[in-house]
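Right, one structure below, let's go through it.
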Amino acid sequence: MPPAPPLLLTVLRHPEQAGALTPADWDLLLRQAGSANLMAALHALLQARGLLATIPAAAREQLDWAGVLGERHRQAVRWEVRRIRLALRDLGIPIILLKGAAYTLAGLPPAQGRLFSDIDILVAESDLDQVEAALMLAGWASTHHDAYDQRYYREWMHELPPMQHMRRESLIDVHHAILPRTAALQPDPRLLRAAAVALPGEAGLLTFAPADMVLHSATHLFHDGELNNGLRDLADIHGLLLHFGGQPGFWDQLAQRAVQLHLQRPLFYALRYCQRLLATPVPAGASAACDSGRPGAALLALMDALFARALLPDHPSCQDAFTPAARFLLYLRANWLRMPPLLLARHLFHKAFLSPREAAPA
C-alpha cells in the first residue's frame with residue numbers, strides 16, 4: 001500500500017484544520033513543507049485564509065520568516081527579469097516567460113511563496129543565436145563547458161545549455177520548445193508562441209495562454225525524472241486550475257488544446273493526481289473530455305503506485321519501503337521519454353563512464 005497521506009497534504013486540502021494541530025504536529029508539518037519546498041507557500045495559504053493567528057507562536061515565527069523569504073524572492077525575480085529584458089531589448093523579439101517567472105510577473109496564485117532557482121524563457125529557435133550572444137554581452141555565460149554537454153543541449157534538447165550571470169550568479173534557461181528534440185511527443189512551439197499573451201505593463205514580455213500554461217506545467221512535471229519538487233509543481237497546476245477554471249470556456253479550451261498539442265497524457269495525469277492529492281475541483285464534463293489521455297489499466301495502476309509515492313515530500317515520514325524504487329523507475333521513465341533507446345543508451349554510457357573520466361584532474 002502507498003504511504004498514508006502526509007500531514008502537509010491534509011493542511012493543503014483543509015487549511016482550516018491548522019488551528020487544531022499540536023506543537024508536535026507543527027514540527028512534523030514544517031519539516032514536510034520544508035522538504036517539499038512549500039514552506040513559503042504554506043505561509044501564503046494560511047495568511048490568505050486569515051489563519052496565522054490560530055497557530056502556535058514558534059510555528060508562526062518560522063512561517064513568517066518563510067513568508068519574508070518568499071516576498072524577497074518575488075522582488076528578486078522581478079528585478080532579474082528586467083535585467084533580461086534590458087539585455088534583449090535591442091533584438092526586438094517577443095520573450096515568453098515560463099513557469100515561476102511567468103507566475104510572478106503575471107501575479108498568478110502559484111507565485112505566492114514559490115521559490116525557484118532559475119528563470120526560464122522561450123524564444124523562437126531561429127532567434128537562439130542572437131539571444132545567447134546578447135545575454136553573453138550582458139554578463140551571462142554557459143555553465144556547461146564539457147564538449148559532450150554542449151552537444152547534448154544544442155543537438156538533442158529543447159534549450160541552450162544553462163547560463164549564469166558572472167556577477168549576480170543568477171541562472172537562466174533559454175528554451176525554444178517545451179520538450180527535447182529527441183522526445184516522442186513534439187508539441188509545436190509555433191502554436192504555443194502564436195497563442196502567447198502579452199503581460200500588461202511589461203513591454204516585450206509574454207506568457208503562455210492559460211490553457212497552454214497548464215499544459216506546459218503538466219508536461220514539465222510528468223516528463224521530469226527528478227521529482228524532489230514534484231508536490232510543489234503539482235501545487236502549481238492546482239493553483240492554475242483554481243484560478244483559470246472559473247473563466248468561461250477554459251475547460252473546453254484545455255481539452256481541445258491538449259489534443260491540438262498532443263499533450264493528452266500529461267494533462268490526464270495532472271488532473272488525476274491534482275484531484276487525488278490536493279482535492280482539486282474538476283468539472284465532471286472536463287474530466288471526461290480529458291480522458292482521451294488515459295493509459296491502459298495495467299499501466300495506469302503502475303503509474304498510480306509510482307506517482308502516489310514520488311509526488312510526496314522527500315521526507316522520511318512520507319516514504320515507505322518502495323519509495324526509492326518508485327523514484328528510480330520514474331527517473332528511468334523520464335529518460336525513456338526524452339530519447340530513443342539507442343541514443344539514450346549512448347547518453348547514459350557517456351555520463352556513467354566517460355564524463356567522470358574527462359572531469360578527473362590530469
For the pair Arg83 and Glu80, find out whether any cationic side-chain nitrogen is under 4.0 Å from an anionic carboxylate oxygen. no
Can you confirm if the NZ or CZ of Arg168 lies within 45° of the ring axis of Trp140 and under 6.0 Å from the centre of its six-membered ring? yes
Is Arg154 salt-bridged to Glu159, going by a charged N under 4.0 Å from an acidic O? no
To the nearest 0.5 Å, atom SG of Cys290 lies from atom CH2 of Trp251 at 7.5 Å
Counting only N and O atoms by type, is there a donor-acceptor contact under 3.5 Å from the side chain of Arg265 to the main-chain atoms of Gly293? yes
Run Phe250 and Leu241 through side-chain contact (heavy atoms from CB on, under 4.5 Å) and show every step you take. CA-CA 9 Å; Phe250 168 77; Leu241 292 174; 4.0 Å; yes
What's the spacing between Phe222 CZ and Leu234 CG if we round to 0.5 Å? 5.5 Å
Quick check on Leu342: does its CG atom have over 12 non-hydrogen neighbours (other residues, nucleotides or ligands) under 6.0 Å away? no
Taking only residues at least two apart or on different chains, which pairs with a member in residues 189-214 satisfy salt bridge (charged side-chain N to carboxylate O under 4.0 Å, His left out)? Arg85-Glu202, Asp188-Arg190, Asp212-Arg257
Is it true that atom CZ of Arg181 has more than 12 heavy atoms of other residues, nucleotides or ligands lying nearer than 6.0 Å? yes
Is the side chain of Asn229 donor-acceptor paired with the backbone N or O of Arg232 at a distance under 3.5 Å, no angle test? no
When you look at Tyr148 and His347, which way does the side chain to side chain donor-acceptor pair (under 3.5 Å) test go after all the steps? CA-CA 9 Å; Tyr148 178 81; His347 172 65; 2.7 Å; yes
For residues Ala101 and Ile119, report the shortest heavy-atom separation together with the two atoms involved. CB-CG2, 3.9 Å
Kindly say whether Thr10 contributes a backbone atom to a donor-acceptor pair with the side chain of His14 at under 3.5 angstrom? no
Closest heavy-atom pair, Gly70 versus Ala40, reported as atoms and distance to 0.1 Å, is CA-CB, 4.3 Å
Between Leu227 and Leu221, is a side-chain contact (heavy atoms from CB on, under 4.5 Å) present by the stated rule, with each step listed? CA-CA 8 Å; Leu227 292 168; Leu221 173 57; 3.7 Å; yes
Verify, without hydrogens or angle tests, whether Arg78 (side chain) and Thr104 (backbone) share a donor-acceptor contact under 3.5 angstrom. yes
Considering only heavy atoms from C-beta outward, does the side chain of Leu215 approach that of Leu254 to under 4.5 Å? yes
Kindly give the heavy-atom pair with the smallest separation between Ala310 and Arg327, and that separation in Å. O-NH1, 3.4 Å
Can you check whether Leu300 reaches Phe268 side chain to side chain, under 4.5 Å on heavy atoms? yes
Give a yes or no on whether the backbone of Glu169 and the side-chain of Gln164 come within a donor-acceptor separation of less than 3.5 Å. yes
If we ignore hydrogens and angles and just use 3.5 Å, is the side chain of Ser142 paired with the main-chain N or O of Pro161 as donor and acceptor? no
Where Ala270 and Ile237 come nearest, the two heavy atoms and their spacing: CB-CD1, 4.1 Å
With side-chain contact (heavy atoms from CB on, under 4.5 Å) as the test, would you mind laying out the steps for Leu51 and Ile55 before giving the verdict? CA-CA 7 Å; Leu51 295 169; Ile55 67 177; 5.6 Å; no
Can you list the residues that meet the salt bridge (charged side-chain N to carboxylate O under 4.0 Å, His left out) rule with Arg272, with sequence neighbours excluded? Asp304
Tell me, yes or no, whether the heavy-atom count around Glu155 atom CD, taken from other residues, nucleotides or ligands under 6.0 Å, exceeds 12. yes
Carefully, step by step, assess Ser170 and His165 under the rule side chain to side chain donor-acceptor pair (under 3.5 Å). CA-CA 5 Å; Ser170 56; His165 196 275; 5.3 Å; no
State whether the number of non-hydrogen atoms from other residues, nucleotides or ligands found under 6.0 Å of Arg13 atom CZ is greater than 12. yes
Before you tell me yes or no, could you show the steps for Tyr103 and Leu240 under side-chain contact (heavy atoms from CB on, under 4.5 Å), namely the whole-Å CA-CA distance, both residues' side-chain angles and the distance that decides it to 0.1 Å? CA-CA 9 Å; Tyr103 307 151; Leu240 293 174; 3.7 Å; yes
Distance check, rounded to the nearest 0.5 Å: Leu231 atom CG versus Leu278 atom CG? 6.0 Å
Tyr269 and Pro295: which non-hydrogen atoms are nearest, and at how many Å? OH-CG, 3.6 Å
Answer yes or no: does atom OH of Tyr331 have more than 12 heavy-atom neighbours from other residues, nucleotides or ligands under 6.0 Å? no
Once rounded to the nearest 0.5 Å, what's the spacing between atom CG of Asp314 and atom OG1 of Thr323? 9.0 Å
Spell out, as yes or no, whether a donor-acceptor pair under 3.5 Å connects the side chain of Ser217 to the backbone of Met213. no
Shortest non-hydrogen contact between Leu312 and Cys318, atoms and distance: CD1-O, 3.5 Å
Could you state the interatomic distance from CZ (Arg294) to CD (Gln264), rounded to the nearest 0.5 Å? 14.0 Å
Give a yes or no answer on whether the side chain of Gln186 reaches the backbone of Pro180 with a donor-acceptor pair at less than 3.5 Å. yes
Nearest 0.5 Å, what's the CG-CD distance between Asp252 and Gln256? 6.0 Å
Are His223 and Leu179 packed together at the side-chain level, in the sense that at least one heavy-atom pair is separated by less than 4.5 angstrom? yes
For a 4.5 angstrom cut-off between non-hydrogen side-chain atoms, does His176 reach Asp127? no
